> 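The following block contains the structure, expressed as structure tokens.
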Amino acid sequence: MAAVALSATTPSHAGEVEVLHWWTSGGEARAAQALRDMITAQGDTWKDYAVAGGGGDNALTALKTRVVSGQPPTAAQIKGPQIQEWGAEGVLANIDAIATDGNWNAVLPPAIASIMKYQGHYVAAPINVHRVNWLWVNPAMLAQAGATVPTTMASFFEAADKLKAAGMLPLAHGGDPMQDATLFESVALGVGGVDFYRKAFIELDAATLSGPTMVAVFDAMQRIKGYIDKGSPGRDWNLGTVMVMNGKAAMQFMGDWAKGEFTAAGKVAGTDYLCVPAPGTAGAFTYNIDSLAMFTQSSPQARSSQAHLATAVMSPEFQTVFNLNKGSIPARIDVPLDRFDACAQQSSADLRAASSAQTLIPSFSHKMAMSPAVEGGIVDVVSRFMHSSLSPKAAAAQLAAAVKAS
Ligand code: BGC
């Protein structure tokens, strides 16, 4: 339907659209295919620039090389504060005219619109809202171990101990910096709560970063190490999701791109697997918004193709199809959710509730809260902690030192 509707307005300046992204897992690739289909249905040519690596660090390194050599792609998956950094480099295109045509200010929550703007001008198009503070659960394994679905950190440890005692692997975790940071972020929120999270990761308050609550967060991480298997280092996040799906591990801390993997495998939320807020974080929502930042193009044809891309990304059809596959919910507020599953419905309701309760917070592990330099410093300490015998106290002290140094 969407393709038919769009081809009726096939543009006169068909050209190439090159998009840098890191959507390479099963669910992610299905979502990316939806964008590709829409672009080609419009008469443009799709040039895929996919760089594998969950969380996107590899992709962003590749992007820098391209931009420095004066050959930016049409658009790249860039998020949060990084949009400001690229804007300050003077390489992003002003797409205000497209945003005005599409009435973006009216259909986007102001908080999302402002992330997409550099100095008051739109330079990026938002795709979705991912929630990071989820726990993915294999209910059959929990039942077999006599464990209940955890809602607090204490009940998480109880369930994990029961699973372990029953000879099952409690947690699917891949030891790479993105996954270590994703786990740490949810545990920090579960142990310390929203105010602590804000003080530590938004205000970057030194006393909070090195204080007793942070030590308690690392204590919890220490305990969690005992629920992870030896095969963890280097395992991709999506293989962790497959372990939960196949009964090889009972739970996974991961954002709802994990749901894209369950969906791609034909699994049904609420039956085959459960999505529940990460333990102790039910009232809060850590958001991660995917967006495509538009790079300045020199030829009129390239600019025209870029305009088609930005318009397509913000179309209700695209925001529906992409996010059905991706596990996220649309960024636009006017897209009906009736085709979306129970996890997406819950995400949307929780997002609204968190927004009124002021417990809506940016995910730092997915590049929404702080500059890349500060984020890099924090993630290095978390990863070092996960892969060494660093004590919780020393890790908290190193966290404050890393933030100070960056
Ligand atoms: C991105 C998602 C992606 C995930 C895993 C996140 O940072 O926002 O779009 O699916 O990383 O690669």
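Whatever order the structure lists ligands and atoms in, that order sets their numbers, starting from 1. The chain is numbered in sequence order, starting from 1. The model shown is predicted, which means the values in this text are computed figures rather than measured ones.
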> So with a 6.0 Å cut-off around NZ of K64, is the heavy-atom count from everything else above 12?
no
> Within a 6.0 Å radius of atom CD on E203, are there more than 12 heavy atoms belonging to other residues, nucleotides or ligands?
yes
> Is the closest N or O pair between G53 and ligand 1 shorter than 3.5 Å?
no
> Does G56 reach ligand 1, in the sense of a heavy atom lying below 4.0 Å from it?
no
> Which atoms of ligand 1 are found less than 4.0 Å from any heavy atom of D290?
1 (C), 2 (C), 8 (O), 9 (O)
> Sequence neighbours left out, what pairs pass ring pair (Phe, Tyr, Trp, His ring centres under 6.0 Å) with at least one residue falling in residues 36-90?
W86-F295
> Can you report which non-hydrogen protein atom sits closest to atom 6 (C) of ligand 1, along with the distance?
H366 ND1, 3.3 Å
> Taking 4.0 angstrom as the limit and counting only heavy atoms of W23, give me the atoms of ligand 1 inside it, by number and element.
9 (O)
> Check each atom of ligand 1 against the heavy atoms of N288 and keep those under 4.0 Å away; list them by number with element.
1 (C), 6 (C), 7 (O), 8 (O)
> Check each atom of ligand 1 against the heavy atoms of G55 and keep those under 4.0 Å away; list them by number with element.
5 (C), 7 (O), 11 (O), 12 (O)
> Is the closest N or O pair between E28 and ligand 1 shorter than 3.5 Å?
yes
> Identify, by atom number and element, the atoms of ligand 1 in contact range of G54, meaning under 4.0 Å from any of its heavy atoms.
12 (O)
> Testing L171, V187, D161 one by one against F156 for a side-chain contact (heavy atoms from CB on, under 4.5 Å), which residue passes?
L171
> Using every non-hydrogen atom in the two residues, find where P372 and E85 come nearest and quote the distance to one decimal.
CD-OE2, 3.3 Å
> For Q77, is the nearest heavy atom under 4.0 Å from an atom of ligand 1?
yes
> Do you know which of N288, N128, T241 makes side-chain contact (heavy atoms from CB on, under 4.5 Å) with W257?
N288
> According to side chain to side chain contact (heavy atoms under 4.5 Å, CB included), who are the partners of T148, at least two apart in sequence or on a separate chain?
none
> What are the atoms of ligand 1, with element, lying closer than 4.0 Å to any heavy atom of K326?
2 (C), 3 (C), 9 (O), 10 (O)
> Can you classify the ring geometry of F201 versus Y197 as parallel (below 30°), tilted (30 to 60°) or perpendicular (above 60°)?
perpendicular
> Show the atoms of ligand 1 that are less than 4.0 angstrom away from any heavy atom in W237.
5 (C), 12 (O)
